[in-house]
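See below for the structure under consideration.
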Amino acid sequence: MASKLIAPSVLAADFANLQRDIELINNSEADWFHIDIMDGVFVPNISFGMPVLKAISKHATKTIDVHLMIVDPDRYIKTFAELGSNVLTVHYEACTHLHRTLQAIKAEGMQAGVALNPHTNVNVLEDTIQDIDLVCIMSVNPGFGGQSFIENTYNKVKQLKELIIRKGANTKIEIDGGVTNKNAKALVDAGADVLVAGSYVFKSETPTETIKGLKALANT
Ligand code: DX5
Ligand code: ZN
């Protein structure tokens with residue numbers, strides 16, 4: 001079985017010591033950098049934008065997984081490719097022409113991801129799943145780090161896994177929000193491939209060890 005991936009969320013890093021925290025991820029057992037871009041419209045918060053991502057890309061040595069929590073993401077696909085994104089995830093709820101958006105992301109050489117809010121059923125991806133490299137199941141309402149995990153997520157992961165198998169798709173399942181050592185194993189058992197963790201990693205005493213622990217839990 002392919003190794004399960006850990007993606008620390010830079011949203012919970014110390015922005016005054018960003019290079020230090022990027023190097024911490026580089027030198028850890030983490031697999032991806034998870035980068036949350038919020039516009040204050042799609043979600044009730046603004047995180048950071050292009051200049052910060054550019055600075056992160058300069059130092060990051062691992063896959064850059066960008067999670068766009070913005071309206072009308074099509075306008076910025078090319079820009080995010082130029083800034084070094086390897087995976088670009090848009091929200092289902094923000095895309096009127098999702099199929100077109102997915103093709104545009106791939107045309108820029110990135111993997112195409114779709115994020116689903118907690119209220120969105122996985123069945124809405126029935127007709128696009130074969131075109132999607134990654135589905136990000138939101139296990140909190142997007143907008144903030146440090147929220148508590150929504151338990152219904154396990155059902156959604158199982159339903160999505162069934163859909164992927166039934167359609168013969170090659171889509172990874174990512175979980176985003178409230179991931180800790182308490183739910184990591186159960187999420188992987190339900191079908192998750194990538195675990196995003198922000199506060200759990202960066203608010204811990206020893207983030208490198210916390211990442212190592214999550215990686216081990218996800219791969220037992
Ligand atoms: C929430 C973001 C998450 C967030 C996760 O809107 O998409 O990626 O950084 O943070 P934690 O792990 O603290 O819930
Ligand atoms: Zn995210």
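All of these numbers come straight from a predicted model, not from anything done at the bench. For ligands, and for the atoms within them, numbers begin at 1 and follow the listed sequence.
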Checklist entry - More than 12 non-hydrogen atoms from neighbouring residues, nucleotides or ligands closer than 6.0 Å to CG on N170, yes or no? => result no
Item to check | Apex the Zn ion (ligand 2) - arms NE2 from H34 and OD2 from D176 - angle rounded to 10° | outcome: 100°
Checklist entry - Quick check: does any side chain N or O of S9 sit under 3.5 Å from a backbone N or O of V196, one acting as donor and the other as acceptor? => result no
Next on the checklist: Side chains of H34 and D36 only: does a donor on one sit below 3.5 Å from an acceptor on the other?
Outcome noted: yes
Item to check | Enumerated ligand 1 atoms positioned under 4.0 Å from heavy atoms of A197 | outcome: 12 (O)
Checklist outcome for this item: the Zn ion (ligand 2) has as its nearest N, O or S atom from D36 the atom OD1
Item to check | Donor-acceptor pair, side chain of Q111 and main chain of L134, under 3.5 angstrom | outcome: no
Checklist entry - Taking D133 for the side chain and M110 for the main chain, is one N or O donor matched with an acceptor at less than 3.5 Å? => result no
Checklist entry - Is the shortest heavy-atom distance from the side chain of S85 to the side chain of L53 under 4.5 Å? => result yes
Checklist outcome for this item: atom 11 (P) of ligand 1: of G146, S47, A12, the nearest heavy atom sits on G146
Item to check | Selected option - heavy-atom contact closest to atom 14 (O) of ligand 1, from S148, A7, G178, C136 | outcome: G178
Checklist entry - Can you hop from I173 to I6 via hydrophobic side chains spaced under 4.5 Å? => result yes
Next on the checklist: Distance alone, cut at 3.5 Å: any donor-acceptor contact between the side chains of N86 and T63?
Outcome noted: no
Next on the checklist: Please check whether G198 reaches ligand 1 - meaning an N/O of the residue sits under 3.5 Å from an N/O of the ligand, judged on distance alone.
Outcome noted: yes
Checklist outcome for this item: The N/O/S atom of H67 lying closest to the Zn ion (ligand 2) is ND1
Checklist entry - Which ligand 1 atoms are under 4.0 Å away from a heavy-atom of L11? => result 9 (O)
Next on the checklist: Checking the N or O distance criterion of under 3.5 Å, is ligand 1 in contact with P142?
Outcome noted: no
Checklist entry - Among the heavy atoms of G143, does any lie under 4.0 Å from an atom of ligand 1? => result yes
Checklist entry - For ligand 1, which atoms have a heavy atom of G177 less than 4.0 angstrom away? => result 14 (O)
Checklist entry - Quick one: does N117's side chain have a donor or acceptor within less than 3.5 Å of a partner on T120's backbone? => result no
Checklist entry - Any chance OH of Y92 has more than 12 other-residue heavy atoms, nucleotides or ligands included, within less than 6.0 Å? => result no
Checklist entry - Of the choices V140, V201, D176, which has the non-hydrogen atom that lies closest to atom 7 (O) of ligand 1? => result D176
Next on the checklist: I'd like to check which ligand 1 atoms, numbered from 1 as shown, lie under 4.0 Å from a non-hydrogen atom of M38.
Outcome noted: 6 (O)
Checklist entry - Is there any N or O on D36 that sits under 3.5 Å from an N or O of ligand 1? => result yes
Checklist entry - Is there an N/O/S atom in C136 that lies less than 2.8 Å from the Zn ion (ligand 2)? => result no
Item to check | Identity and distance of the protein heavy atom lying nearest atom 13 (O) of ligand 1 | outcome: S199 OG, 2.4 Å
Checklist entry - Just distances here: any N/O of M138 and N/O of ligand 1 closer than 3.5 Å? => result no
Checklist outcome for this item: Contact region, S9 to ligand 1, non-hydrogen atoms below 4.0 Å, reads side chain
Checklist entry - In ligand 1, which numbered atoms sit nearer than 4.0 Å to a non-hydrogen atom of H34? => result 8 (O)
Checklist entry - Does an N or O from Q147, backbone or side chain, lie closer than 3.5 Å to an N or O of ligand 1? => result no
Next on the checklist: So, 4.0 Å and heavy atoms of K203: is ligand 1 close enough to count as a contact?
Outcome noted: no
Checklist entry - In ligand 1, which numbered atoms sit nearer than 4.0 Å to a non-hydrogen atom of M69? => result 6 (O), 7 (O)
Checklist entry - Okay, side chain of S139, backbone of D176: is any donor-acceptor separation there less than 3.5 Å? => result yes
Next on the checklist: Within a 6.0 Å radius of atom NZ on K212, are there more than 12 heavy atoms belonging to other residues, nucleotides or ligands?
Outcome noted: no
Checklist entry - Purely on distance, is any nitrogen or oxygen of G145 under 3.5 Å from one on ligand 1? => result no
Checklist entry - Which ligand 1 atoms, with their elements, are less than 4.0 angstrom from a heavy-atom of H67? => result 7 (O)
Item to check | Any donor-acceptor N/O pair, N45 side chain to F144 backbone, under 3.5 Å | outcome: no
Checklist entry - Do the side-chain N and O atoms of S204 and T210 include a donor-acceptor pair separated by under 3.5 angstrom? => result yes
Item to check | ligand 1-proximal atoms of F144, by part, heavy-atom distance under 4.0 Å | outcome: backbone
Checklist entry - Would you say F80 has more than 12 foreign heavy atoms packed within less than 6.0 Å of its CZ? => result yes
